[in-house]
Amino acid sequence: MTGSRTINSVDEMRDFAREMYKYIKPGDVIALNGELGAGKTLFVKAFCKAAGYDGSSSPTFAIVNSYPGEYTIYHFDFYRIKKSSELLDIGIEEYLADGDAVSFIEWAELFADVLPQRRIEISIKVIGETSREVSVEQK
Ligand SMILES: Nc1ncnc2c1ncn2[C@@H]1O[C@H](COP(=O)(O)OP(=O)(O)OP(=O)(O)O)[C@@H](O)[C@H]1O
Ligand SMILES: [Mg+2]
């Protein structure tokens with residue numbers, strides 16, 4: 001599951017999210033990195049669909065969205081955060097320590113100091129209009 005792969009279309013990104021659904025377990029924290037429009041939100045939505053959740057939205061205007069289901073999914077976006085105290089104030093550490101939930105964090109690298117040491121890092125690099133280089137690392 002770890003390593004790099006090339007993804008050539010949105011459909012292949014959805015296939016990748018379905019594969020990751022088999023691998024990711026409650027308690028996992030997934031740091032998602034990659035430029036604007038790389039496909040971080042699309043990946044989380046596809047993951048939620050694979051996990052049987054319907055209607056997940058992007059957390060652009062909230063720091064975190066949570067989706068109930070087989071396990072709770074927390075979906076963070078750090079893009080608009082200005083300082084880590086905003087995250088500590090909402091109790092980020094408690095969210096990320098929740099052993100019954102899976103957390104996805106878009107733009108995680110912006111505040112790497114609040115992330116647990118043990119996490120899965122997914123980096124998405126745009127290499128063409130619909131092609132992406134995706135790397136998965138277990139830290
Ligand atoms: N292979 C691909 N994987 C993912 N998205 C793709 C792919 N090819 C094209 N796209 C398009 O790229 C866009 C990805 O948008 P998305 O909102 O998921 O990016 P993001 O990384 O969350 O950006 P942001 O940093 O703004 O939150 C979508 O419009 C999607 O249709
Ligand atoms: Mg996004």
Side-chain angles (χ1 to χ4, degrees):
M1 192 49 58
T2 52
S4 296
R5 73 199 69 206
T6 302
I7 281 172
N8 291 303
S9 65
V10 166
D11 276 350
E12 282 184 31
M13 185 62 94
R14 295 202 173 105
D15 292 341
F16 168 62
R18 267 192 293 276
E19 265 181 66
M20 289 304 291
Y21 168 62
K22 292 180 215 149
Y23 174 73
I24 287 169
K25 300 290 172 236
D28 286 345
V29 172
I30 300 93
L32 289 161
N33 294 307
E35 65 187 83
L36 287 168
K40 302 178 294 296
T41 299
L42 188 135
F43 171 83
V44 176
K45 286 185 178 175
F47 183 96
C48 288
K49 191 140 188 283
Y53 297 68
D54 40 39
S56 57
S57 56
S58 160
T60 306
F61 299 105
I63 297 177
V64 60
N65 283 350
S66 63
Y67 317 126
E70 179 190 345
Y71 42 74
T72 301
I73 293 180
Y74 296 126
H75 183 188
F76 293 86
D77 192 335
F78 285 0
Y79 189 68
R80 283 163 206 280
I81 303 294
K82 294 192 179 58
K83 40 190 169 60
S84 53
S85 62
E86 292 173 43
L87 296 169
L88 299 173
D89 287 349
I90 65 150
I92 185 94
E93 291 162 315
E94 285 77 11
Y95 281 105
L96 301 185
D98 186 341
D100 296 324
V102 168
S103 296
F104 290 98
I105 309 166
E106 297 190 37
W107 289 99
E109 67 195 350
L110 294 180
F111 294 97
D113 51 321
V114 306
L115 304 178
Q117 283 191 332
R118 185 181 159 74
R119 60 185 189 262
I120 297 166
E121 293 263 351
I122 299 181
S123 299
I124 309 173
K125 197 167 162 223
V126 178
I127 54 175
E129 201 175 325
T130 64
S131 41
R132 305 288 187 265
E133 181 75 27
V134 174
S135 80
V136 179
E137 229 184 312
Q138 173 76 65
K139 295 220 164 178

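All ligand and atom numbering here is 1-based and tracks the order in the structure. Starting from 1, each residue takes its place in the sequence as its number.
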Run the ring pair (Phe, Tyr, Trp, His ring centres under 6.0 Å) test against Tyr71 and tell me which residues pass, sequence neighbours left out. none
Rounded to the nearest 0.5 Å, what's the gap from CZ on Phe78 to CD1 on Ile92? Could you check? 4.0 Å
Val126 with Ile122, same ILVMFWY side-chain cluster at under 4.5 Å: no
Min N/O separation Gly39 to ligand 1 under 3.5 Å: yes
Within less than 4.0 angstrom of ligand 1, does Glu35 place any heavy atom? yes
Looking at Arg132 and Gly37, what are the two nearest heavy atoms and their distance? NH2-O, 3.4 Å
Tyr79: which residues meet the ring pair (Phe, Tyr, Trp, His ring centres under 6.0 Å) condition with it, sequence neighbours left out? Trp107
If we only count N/O pairs under 3.5 Å, is Asn8 in contact with ligand 1? no
Is any N, O or S atom of Thr41 under 2.8 Å away from the Mg ion (ligand 2)? yes
Residue Trp107 vicinity, atoms of ligand 1 by number, heavy atom under 4.0 Å: 25 (O)
Once you round to the nearest 0.5 Å, how far does NZ of Lys125 lie from OG of Ser135? 10.0 Å
Run the salt-bridge test on Glu19 and Arg5 with the 4.0 Å N-O cut-off and return the result as yes or no. yes
Nearest to atom 9 (C) of ligand 1 by heavy atom, Arg132, Glu106, Met13: which? Arg132
Is there a heavy atom of Glu12 sitting under 4.0 angstrom from any atom of ligand 1? no
Output yes if Glu106 passes the N/O/S-under-2.8 Å test against the Mg ion (ligand 2); output no otherwise. yes
Heavy-atom proximity to atom 23 (O) of ligand 1 ranks first, among Ala17, Ala46, Gly37, Gly128, for Gly37
Polar atom proximity, Ser9 to ligand 1 (N or O, under 3.5 Å): yes
OH on Tyr95 to CD1 on Ile105, rounded to 0.5 Å: 12.0 Å
Proximal ligand 1 atoms for Lys40, defined as those under 4.0 Å from one of its heavy atoms: 18 (O), 19 (O), 20 (P), 21 (O), 22 (O), 23 (O), 24 (P), 25 (O)
Using distance alone, decide if ligand 1 has a nitrogen or oxygen within less than 3.5 Å of any nitrogen or oxygen in Leu42. yes
Flag Ala38 as yes when one of its N or O atoms lies below 3.5 Å from any N or O atom of ligand 1, and as no otherwise. yes
Arg18 vs Asp15, salt bridge (charged side-chain N to carboxylate O under 4.0 Å, His left out): CA-CA, chis, key distance, verdict: CA-CA 5 Å; Arg18 267 192 293 276; Asp15 292 341; 2.5 Å; yes
At less than 4.0 angstrom from any non-hydrogen atom of Glu129, what atoms of ligand 1 do you find? 8 (N), 9 (C)
